[in-house]
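Below, all heavy atoms of this structure are taken into account, side chains as well, without hydrogens, waters or symmetry copies. Treat the numbers as computed from the prediction; the structure is a model and nothing was measured. So that the names make sense, note that chain A is the first sequence line, chain B the second, and so on, each numbered from 1.
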Amino acid sequence: MAPAADPAERILAAVRAIPRGEVAGYGEVARRAGLPGRARWVARLLAASDDPELPWHRVLRSDGRIAFAADSDPWREQAGRLRAEGVQVVAGRVRPAPRGRSLDAEVWGPA
DNA sequence: CATATGACGTGGG
DNA sequence: CCCCACGCCATAT
């Protein structure tokens, strides 16, 4: 199945492709759709779409934070939807930080 | 046509 | 963690 020619449609497809229980950044979605730099367009499309099946709640800012104003209605809505599918949301942030090994360990290796 | 506005992103202080 | 500047781009005014 050939990729949609309509860029807007590609973006929505990229959003629909985010697996349940996972998230992606606006810029990330744009890149996946082959439209680097169009993060803002992604946001605009989500706001404009009326498709109830569109998993818009899985799209966050690149820092893992919900894009809406903290404690706003839509903010609570998104946090709730995410938690509903098992995503950890703390203070409006998903997975506080992809904390891995320290840089020291990363550079100098174990022991 | 000139500005302003955002569900954004990155880099720097 | 905070704040700021700048880049980016479709829409709205």
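Atoms CG (A:L35) and C1' (B:dC8) sit 14 Å apart, rounded to a whole Å. Counting to the nearest Å, the C1' atom of C:dC2 and the CZ atom of A:R65 are 12 Å from each other. Taking atom CH2 on A:W75 and atom C1' on B:dG6, their separation rounds to 20 Å, with Å as the unit.
Shown here are the salt bridge (charged side-chain N to carboxylate O under 4.0 Å, His left out) partners of A:D50, two or more places apart in sequence or in another chain: there are none. Judged as a side-chain contact (heavy atoms from CB on, under 4.5 Å), and not counting sequence neighbours, the contacts of A:D73 are A:R76. By the salt bridge (charged side-chain N to carboxylate O under 4.0 Å, His left out) test, A:R65 pairs with no residue at all, sequence neighbours left out. For A:R10, there are no salt bridge (charged side-chain N to carboxylate O under 4.0 Å, His left out) partners at least two apart in sequence or on another chain.
Between the OG atom in A:S72 and the CD1 atom in A:I66 there is a gap of 8.5 Å [rounded to 0.5 Å]. To the nearest 0.5 Å, atom OH of residue A:Y26 and atom CZ of residue A:R61 are 8.0 Å apart. In this structure, CG on A:L60 lies 11.0 Å from CZ on A:R93, to the nearest 0.5 angstrom.
Residues from residues 46-61 of chain A that place a heavy atom under 4.0 Å from any atom of DNA chain B, listed by number: A:L46, A:A47, A:W56, A:R61. Listed by residue number, the members of residues 5-20 of chain A with any heavy atom below 4.0 angstrom from DNA chain B form an empty set.
Shortest non-hydrogen contact noted between A:E22 and A:V87 is N-CG2, 4.4 Å. Minimum interatomic distance between A:W75 and A:A91 (heavy atoms only, all atoms of both residues): CZ2-C, 4.1 Å.
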List, with names and distances, any nitrogen or oxygen atoms from the protein found under 3.5 Å away from nitrogen or oxygen atoms belonging to nucleotides 10-13 of chain B.
unit_1, atom_1, unit_2, atom_2, d
B:dT10, OP2, A:S62, OG, 3.3

Taking N or O atoms only and anything under 3.5 Å, show me the protein contacts with nucleotides 10-13 of chain C, one pair per line.
none

Distances under 3.5 Å only, N/O to N/O: pair up the protein atoms with those of nucleotides 4-7 of chain C.
none

What donor-acceptor contacts under 3.5 angstrom involve side-chain atoms of residues 29-47 of chain A, with partners at least two apart or in another chain?
unit_1, atom_1, unit_2, atom_2, d
A:R32, NH2, A:E28, OE2, 2.5
A:R38, NH1, A:P36, O, 2.6

Can I get a per-line list of side-chain donor-acceptor pairs under 3.5 Å for residues 79-86 of chain A, giving both atom names and the distance, sequence neighbours left out?
unit_1, atom_1, unit_2, atom_2, d
A:R81, NE, A:E77, OE2, 2.6
A:R81, NH2, A:E77, OE2, 3.4
A:R83, NH1, A:V89, O, 3.1
A:E85, OE1, A:H57, NE2, 2.9
A:E85, OE1, A:R58, NE, 3.4
A:E85, OE1, A:R58, NH2, 3.3
A:E85, OE2, A:G21, N, 2.8
A:E85, OE2, A:R58, NE, 2.9

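A:V23 is not listed as a side-chain neighbour of A:I18, based on a closest heavy-atom distance of 4.5 Å or more.
When the C1' atom is compared between C:dC8 and B:dT5, the two are found 13 Å apart, to the nearest whole Å.
Sorted by first and then second residue, the salt bridge (charged side-chain N to carboxylate O under 4.0 Å, His left out) pairs with a member in residues 11-20 of chain A read A:E9-A:R16, A:R16-A:D51; sequence neighbours excluded.
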